[in-house]
Amino acid sequence: MPFIDLKSQYAALKTSIDARIQRVLDHGQYIMGPEVKELETALAARVGVKHCITVASGTEALLIALMSLDLQPGDEVITTPFTFAATAETIVLAGLKPVFVDIEPDSCNIDVSKIRAAITPRTKAIMPVSLYGQVADMDEINALGLPVIEDAAQSFGASYWAPQSLRSGPQGALPALGRPGGGHKVRQSCGLSTWGATSFFPSKPLGCYGDGGALFTDDDALAQAAREIRVHGQSQRYTHTRLGVGGRMDTLQCAVVLGKLERFDWEIERRLAIGERYQRLLAELPLQRLAVRQDRDCVWAQFTVMVDERAKVQAALNAAGIPTAIHYPKPLHRQPAYAQDVSMPQAERAAERVISLPMSADLTEAQQDQVVQALMQALE
Ligand SMILES: *Cc1c(COP(=O)(O)O)cnc(C)c1O
């Protein structure tokens, strides 16, 4: 079975995606063609913010968001060490200093209670990651009063309905399937802070067939800055007002995402249901499930659990024909490029124990049962 089943997804959407690609080939506006605006309009409406700016990748989205804030070299950005490298990479590329704050051991998202102690006069932004598809504690992070960039590369489509009274449910509590009751406003990942930055890398919850990404904000001035940075800092053609990058998303990739959006609601419902079923089937096994808070859901960009003796478990699953992956084997403060002499015990422990199982909207119950069966045997 595939780790992520993109073939079934394409088979289901082939007619529409092929037609949309053909339309781009016919009109020939490969850069900033009409599909770019069409996608930006559709995504902004979906997230519920004023501005969506498509960009070349999730990495580029993070970099452009940081550049739009006009920070000074050496300014500090607080982030998590338990993430894909791009999070800290873009901070360094923007001339800024990543300051790592450890994660919560049960959700693997940044531990808000530890952020305040890491804030210095040079702290100019916070970049939480909504890891595995579960939004971080965005309200509490926003309340710290700094610009916040949500690295939502894994969480596009995730919902957040935090009234804070509903938080801190029992550890490992399952999200209510579907949507919450109680009349609380349901907000979307990417629309929760100064900037939301997502990725359309093929394996993400909403993927294209190459590289792509998008930025979201309600702030008109920041949106204008990001649009300029995306095209080499141009405010008008050949007037370079500020430092920029070549960061556009191409029309063909926008056309692919428009096609994928046609069944995205269904895919999100499937992801929530498959994740919930995994959590239920794994409840009795000797492993640690990811805790999903009661005031949000998880779209499971990765379906990840934590086990002791991971190498043994991974080898047994491999032998049983179950593909797995490790997100991530080393926290960033232990990577040579971002090494810092700090101790992040929760991130270090998670890096030794996490293992991701096959997950996609097209995963069948039979496949899922096979994964659970193999995992049960691997853990014996
Ligand atoms: C995938 C990912 C990125 C980078 O996105 P690309 O589109 O691959 O550049 C950044 N942060 C996180 C957490 C990711 O998972």
Side-chain angles (χ1 to χ4, degrees), residues 3-4 6 39 43 52-67 77-94 98 100-101 103 107-110 125-136 138 141 148-158 189-190 192-193 195-216 226 230 245-250 252-254 256-257 260 271 290 298-304 325-333 335 337-338 347 350-351 354 356 359-360:
F3 184 66
I4 293 174
L6 293 176
L39 179 62
L43 294 178
C52 168
I53 300 119
T54 56
V55 293
S57 68
T59 306
E60 214 73 10
L62 295 170
L63 180 62
I64 292 173
L66 286 163
M67 289 173 76
V77 179
I78 289 175
T79 191
T80 162
F82 195 56
T83 175
F84 183 59
T87 316
E89 179 182 55
T90 51
I91 295 171
V92 177
L93 277 173
F100 296 117
V101 166
I103 57 168
S107 74
C108 292
N109 276 332
I110 194 166
I126 307 176
M127 195 188 272
V129 176
S130 294
L131 197 72
Y132 303 142
Q134 175 178 206
V135 168
M138 295 303 291
I141 295 170
V148 176
I149 300 168
E150 181 194 9
D151 181 342
Q154 302 184 7
S155 59
F156 191 84
S189 175
C190 287
L192 304 171
S193 56
W195 277 118
T198 198
S199 163
F200 304 127
F201 187 83
S203 63
K204 309 282 173 160
L206 181 60
C208 59
Y209 290 154
D211 277 310
L215 278 164
F216 298 85
R230 173 174 69 174
V245 295
R248 290 165 303 221
M249 180 166 167
D250 37 87
L252 275 170
Q253 297 301 343
C254 289
V256 171
V257 177
K260 298 261 192 122
R271 285 179 170 279
L290 193 77
C298 182
V299 296
W300 304 107
Q302 313 295 344
F303 186 87
T304 304
I326 308 298
H327 304 96
Y328 296 92
K330 216 185 240 196
L332 297 186
H333 66 289
Q335 289 285 0
Y338 311 103
V354 287
S356 303
M359 176 75 204
S360 40

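Side chains are part of it too, since the values below use all heavy atoms of this structure and drop only hydrogens, waters and symmetry mates. Order of listing sets the numbers, starting from 1, for every ligand and every atom in it. A quick note: this is a predicted structure, and the numbers were derived from the prediction, not measured.
A donor-acceptor distance shorter than 3.5 angstrom exists from the side chain of S57 to the backbone of E60, with no hydrogens or angles considered. At distances below 3.5 Å, at least one donor-acceptor pair connects side-chain atoms of Y132 with backbone N or O atoms of H327. The main-chain N or O of T83 is never found under 3.5 Å from a side-chain atom of T87 such that the two would form a donor-acceptor pair.
Looking from atom 8 (O) of ligand 1 to the surrounding protein, the closest heavy atom is F201 CD1, 3.8 Å.
Residue-ligand proximity, S199 to ligand 1, at heavy-atom distances under 4.0 Å covers atoms 5 (O), 6 (P), 7 (O). Taking every non-hydrogen atom of A86 and a distance limit under 4.0 Å, the qualifying atoms of ligand 1 come out as 4 (C), 10 (C). Atoms of ligand 1 lying under 4.0 Å from any heavy atom of Y328, numbered from 1 in the order shown and given with element: 15 (O). Close contacts of ligand 1 with F84, meaning ligand atoms under 4.0 Å from a residue heavy atom, involve 2 (C), 3 (C), 12 (C), 14 (C). Every atom of ligand 1 is numbered from 1 in the order shown, and the set under 4.0 Å from a heavy atom of A153 is 2 (C), 3 (C), 10 (C), 11 (N), 12 (C), 14 (C), 15 (O).
Taking all atoms of both residues into account, the shortest heavy-atom contact from V256 to C208 is CG1-CA, 3.8 Å. Heavy-atom minimum distance, H333 versus P81: ND1-CB, 3.5 Å.
Nearest-residue assignment for atom 2 (C) of ligand 1 (options E60, Q154, K204; heavy-atom criterion): K204. Comparing V55, T59, V129 against atom 4 (C) of ligand 1, the shortest heavy-atom distance belongs to T59.
Below 3.5 Å of separation, one finds an N or O of D151 facing an N or O of ligand 1. The distance criterion of under 3.5 Å between nitrogen or oxygen atoms is not met by T83 with respect to ligand 1. Close N/O approach between D211 and ligand 1 is not found [any backbone or side-chain N/O within under 3.5 Å]. For the pair G58 and ligand 1, the shortest N or O to N or O distance falls below 3.5 Å.
With a 4.0 Å heavy-atom cut-off, ligand 1 is reached by no atom of F82. Both the backbone and the side chain of S57 come within 4.0 Å of ligand 1, judged by heavy-atom distances.
Between Y328 and F84, the ring planes lie tilted relative to each other; the angle falls in the 30° to 60° range.
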Inset, instruction - Could you give me the CA-CA distance, side-chain angles and deciding distance for S155 and Q134, then say whether side-chain hydrogen bond (donor to acceptor under 3.5 Å, both in side chains) is met? - result: CA-CA 6 Å; S155 59; Q134 175 178 206; over 6 Å; no
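Side-chain atoms of V135 and L192, non-hydrogen and from C-beta on, do get closer than 4.5 Å to each other. Using a 4.5 Å heavy-atom threshold, the side chains of D151 and W195 count as separate.
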